[in-house]
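Each remark here refers to the structure printed beneath this line.
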Amino acid sequence: MSYRPLYVFNTLSGEKELFTPIVEGRVGMYVCGPTVYSDVHLGNCRTFVSFDMIYRYLLHLGYKVRYVRNITDVGHLVGDTDTGAEDKIGRIARLERIEPMEVVQKYSNGFHEVMALLNALNPSIEPSATGHIIEQIEMVQKIIDNGFAYETNGSVYFDTLKYAEQTGQYGKLSGRVIDELINESRDNLKNQGEKRHPSDFALWIKADESHLMRWPSKWSVGFPGWHLECSAMSTKYLGTTFDIHGGGQDLKFPHHENEIAQNHGACLSNPVKYWLHGNMLLMNGKKMSKSDGNSILPMELISGNNDIFKEAFSPMTLRFFMMQSHYRSTLDITYDALKAAEKGFSKIKDAYNLIPRLKKAPGSQPVKINQTILSEIEGMYEDMGNDFNTPKALARIFELVSIVNIYHNNPQQEEGLNEESIRLLSSAFDTFVSDVMGIRLKDDILTDGENYTEGLMDIILELRAKARENKDWPTSDLIRDKLSEMNIQVKDGKDGVTWSTGK
RNA sequence: GGUCGGUUGGCCGAGCGGUUAGGCAAAGGUCUGCAAAACCUUCUACGGCGGUUCGAACCCGCCACCGACCUCCA
């Protein structure tokens, strides 16, 4: 079996590379998931939506994909140091007087709800850090056995200097130089007496009595360091070397750099063939970030219940908005940009709904327009194969939108459309917009008791048509205006009336 | 301070040596009872200064500004 060529930008090499899986026909992909100590904000979601699109495209190409996206539910500490600080989840549990696992469950549920709203597919495996304590402890032991970690006072640290000396690799992913890391002079790197070098990081952290989440180990009763869970779980489910590792840009350093070090330390091999990083969602020109207060929750945007944007935006508008920019570019969210996305998306939906109504020429004579449609489809494969260029593919979709509208307005145009034209148009929208980009094209109002609504609308529009025949403009306008208030738009065309929902 | 990345028209956002990106907004027109939608046409670009080249938004240099990372980050 052959696959369409796919080029991906590999952060490790800094170049676009032809994607070739380690095992033919199969792809192992790991994406860093959320830390579930609070609600995921829209910026977090952008990364997950980006990798959902990547997952979808790999599936579409015919690969059998094992997509692992973890839940981090232990090890993330409040503040800047990785010793002695409080666990983020433990902190919430203490403040709210609930079990840490209640915190984890609550925000995991919320995360899943948001992912479902944004039409993200579920990963093949969604492992959690607390569910893999044994694997993490084993990995720490392997790293110690291989001489890349040391114990101090019950905590275990990764020896970055030794790793760098032996492999010359530390900092390769993020472009760091080990000397600079060691000579790092930021004030908050001080007071880390247990480490041999400031750049060393914790694999296992000894916990005091007040710490809610702790497990026994040969070194101490404690908990695993932040980066360890991803190394342990990716190794467990995808093997010591797998195809794709994804995550947000902001995880490159230290998280992913340390992951590589840990995997190497434990398995003595490079874990990942292609590192893919999504760029940040900006708001007010700055990275969306919860700790800076510069963030918005998906539900706040979907419900319109927020102070930042003037109105509600549907989940699919958000997804379309995200797909209109490249995953490796920053994307600035503004009211105007969302409004533009809403209109543009609505244009695609309207055209999609018109496809089945297009007039076809009888017979199966080949028509010229099909060549155009086909070349746009081929173009979209090229765009997607070029590091997932969704904005460019969407530009081609808008070309198809124009074709649909032109032929809908003027069915007599040239040689017209045939069965094949309709099939190609439908499949272009279904494949690229729905399947690959994950943007649902069918209005919710239609999927929800579709026939019922359609039937009612037929009656209403028939009454309006009668009124118009009688030149009863007040009645016909009343119907149109009332429907408009309900966000249903009536569109008078040459060949009859169509309608669509506004959002 | 170090290391990266960016600066495209009113807004968003592709392109990265020669070809209209696209969407939204705006203007005019077609259609329409009116409107909307759609269609046609039009408009406003590549941060600044140099250099390379027959040709630069795209390559190189300098400058300016913005952002990200530098142990909370998707």
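Just so it is clear: chains get the letters A, B, ... in the order the sequence lines come, proteins before strands, and each one is counted from 1.
Ala337(A) comes within 4.0 angstrom of sugar-phosphate atoms only, judged by non-hydrogen atoms across all strands, and of no base. As judged by a 4.0 angstrom heavy-atom cut-off over every strand, Leu331(A) is placed among residues touching the sugar-phosphate backbone only. Note on Ser325(A): only backbone sugar-phosphate atoms sit closer than 4.0 angstrom, heavy atoms only; bases stay farther off. Residue Asp336(A) is in sugar-phosphate contact alone, with no base atom involved, counting any heavy-atom pair closer than 4.0 Å across all strands shown. As judged by a 4.0 angstrom heavy-atom cut-off over every strand, Asn405(A) is placed among residues touching the sugar-phosphate backbone only. As judged by a 4.0 angstrom heavy-atom cut-off over every strand, Lys290(A) is placed among residues making no nucleic acid contact. Heavy atoms of Lys286(A) sit under 4.0 angstrom from primed sugar atoms or phosphate atoms, though from no base atom. Across all strands, Gly278(A) comes closer than 4.0 Å to no nucleic acid atom at all (heavy-atom distances). The residue His41(A) sits close to a base: some heavy atom pair falls under 4.0 Å. Using a 4.0 Å heavy-atom cutoff across all strands shown, Asp332(A) reaches sugar-phosphate atoms only and no base atom.
When both distances must be under 3.5 Å, the Watson-Crick or G-U wobble mate of C39(B) is G29(B). Base pairing of A45(B) is not made with any nucleotide, judged by Watson-Crick or G-U wobble geometry with both donor-acceptor distances under 3.5 Å. Using Watson-Crick or G-U wobble geometry with both donor-acceptor distances under 3.5 Å, C59(B) finds its partner in G51(B). Using N1 to N3 plus N6-O4 or O6-N4 for Watson-Crick, or N1-O2 and O6-N3 for G-U wobble, each under 3.5 Å, C34(B) pairs with nothing. Nucleotide G22(B) forms a pair with C12(B), judged by Watson-Crick or G-U wobble geometry with both contacts under 3.5 Å. Here G1(B) sits opposite C70(B) as a Watson-Crick or G-U wobble pair (both hydrogen-bonding atom distances under 3.5 Å). Both distances falling under 3.5 Å, in either a Watson-Crick or a G-U wobble arrangement, place C65(B) opposite G6(B).
Note: CG (Leu478(A)) to P (C34(B)) measures 20 Å, nearest angstrom. Distance NE2 (His408(A)) to P (C31(B)): 18 Å, rounded to an integer number of Å. In this entry the distance linking OH of Tyr335(A) with P of C12(B) reads 15 Å, nearest Å. Atoms CG (Asp492(A)) and P (C31(B)) sit 16 Å apart, rounded to a whole Å. Atom pair Phe313(A):CZ and G23(B):P shows a separation of 19 Å (rounding to whole Å applied). One atom, CG of Asp250(A), and another, P of A68(B), lie 11 Å apart when rounded to the nearest Å. With rounding to whole Å, Phe345(A) atom CZ is found 18 Å from G13(B) atom C1'. Met322(A) places its CE atom 17 Å from the P atom of C12(B), with the value rounded to the nearest Å.
Mapped onto RNA chain B by nearest heavy atom, Met280(A) and Glu399(A) fall at different nucleotides, with Glu399(A) at the one closer to the 5' end. Heavy-atom distances to RNA chain B give each of Ser402(A) and Gly248(A) a nearest nucleotide, and the one nearer the 5′ end belongs to Ser402(A).
Of all nucleotides listed (A38(B), C70(B), A14(B)), C70(B) comes nearest to the side chain of Arg176(A). Residue Phe321(A) has its side chain nearest to C12(B) when only C39(B), A14(B), C12(B) are considered. The listed nucleotides are A37(B), A38(B), G22(B); the one nearest the side chain of Lys491(A) is A37(B). For Pro391(A), the side-chain atoms get nearest to A14(B) when compared with the rest of A14(B), C70(B), C24(B). Distance from the side chain of His76(A) is smallest for C72(B) among the nucleotides A14(B), A36(B), C72(B). Listed nucleotides G33(B), A74(B), G2(B) differ in distance to Arg468(A); the shortest reach to its side chain belongs to G33(B).
For the residue pair Thr330(A) and Asn279(A), no side-chain donor N or O sits within less than 3.5 Å of a side-chain acceptor on the partner. Using a 3.5 Å distance cut-off with no hydrogens or angles, the side chains of His112(A) and Glu126(A) do pair a donor with an acceptor.
Across Phe201(A), Tyr170(A), Trp204(A), a single residue satisfies ring-ring contact (aromatic ring centres under 6.0 Å, His included) together with Phe158(A), and that is Phe201(A).
In terms of polar N and O atoms assigned as donor or acceptor, the side chain of Asp477(A) never comes within less than 3.5 Å of the base of A35(B) in a complementary pairing. You'll find a donor-acceptor pair under 3.5 Å spanning the side chain of Ser291(A) and the base of C72(B), going by distance alone. Side-chain to base pairing of Arg480(A) with A35(B): one donor and one acceptor N or O lie within less than 3.5 Å of each other. Residue-to-nucleotide contacts include a donor-acceptor pair under 3.5 Å from the side chain of Ser476(A) to the base of G33(B).
C24(B) and C40(B) have their P atoms separated by 13 Å, with the value rounded to a whole Å. On the C1' atoms, C16(B) is 10 Å away from A56(B), given to the nearest whole Å. Rounded to a whole angstrom, the distance from the C1' atom of U44(B) to that of C54(B) is 30 Å. Distance check on atom P: C69(B) versus A21(B) gives 33 Å, rounded to whole Å. One C1' atom belongs to U3(B), the other to U53(B), and the distance between them is 32 Å to the nearest Å. Rounded to the nearest Å, the gap between the C1' atom of G15(B) and that of C46(B) is 11 Å. Distance check on atom P: G23(B) versus U42(B) gives 14 Å, rounded to whole Å. G67(B) and A45(B): their P atoms are spaced 26 Å apart (whole Å).
For Glu462(A), the CD atom counts as loosely surrounded, since its 6.0 Å shell holds 12 or fewer non-hydrogen atoms of other residues, nucleotides or ligands. Within a 6.0 Å radius of OH in Tyr381(A), other residues, nucleotides and ligands contribute more than 12 heavy atoms.
The side chain of Lys343(A) places no N or O atom within less than 4.0 Å of a non-bridging phosphate oxygen (OP1 or OP2) of C12(B). Phosphate proximity of C69(B) to Lys287(A): present, with a side-chain N or O under 4.0 Å from OP1 or OP2. Here Asn389(A) reaches the OP1 or OP2 of G15(B): one of its side-chain N or O atoms lies under 4.0 Å away. An OP1 or OP2 oxygen of A37(B) is reached within less than 4.0 angstrom by no side-chain nitrogen or oxygen of Thr498(A). The side chain of Lys392(A) contributes no N or O atom lying less than 4.0 Å from OP1 or OP2 of G22(B).
Here the closest heavy-atom approach between residue Leu228(A) and residue Leu203(A) is recorded as CD2-O, 3.5 Å. In terms of heavy-atom proximity, Leu77(A) sits nearest to Lys88(A) at O-CE, 3.8 Å.
The ring of Phe48(A) does not lie on top of the base of A74(B); it is either too far (5.5 Å or more) or too tilted (30° or more).
Contact check on Lys339(A) versus Glu342(A) returns a salt bridge, with a Lys/Arg side-chain nitrogen under 4.0 Å from an Asp/Glu carboxylate oxygen.
Asn386(A) CG to Lys392(A) NZ: the interatomic distance, rounded to the nearest 0.5 Å, is 7.0 Å.
Judged by the 6.0 Å and 45° rule, Arg69(A) forms a cation-pi pair with Phe48(A).
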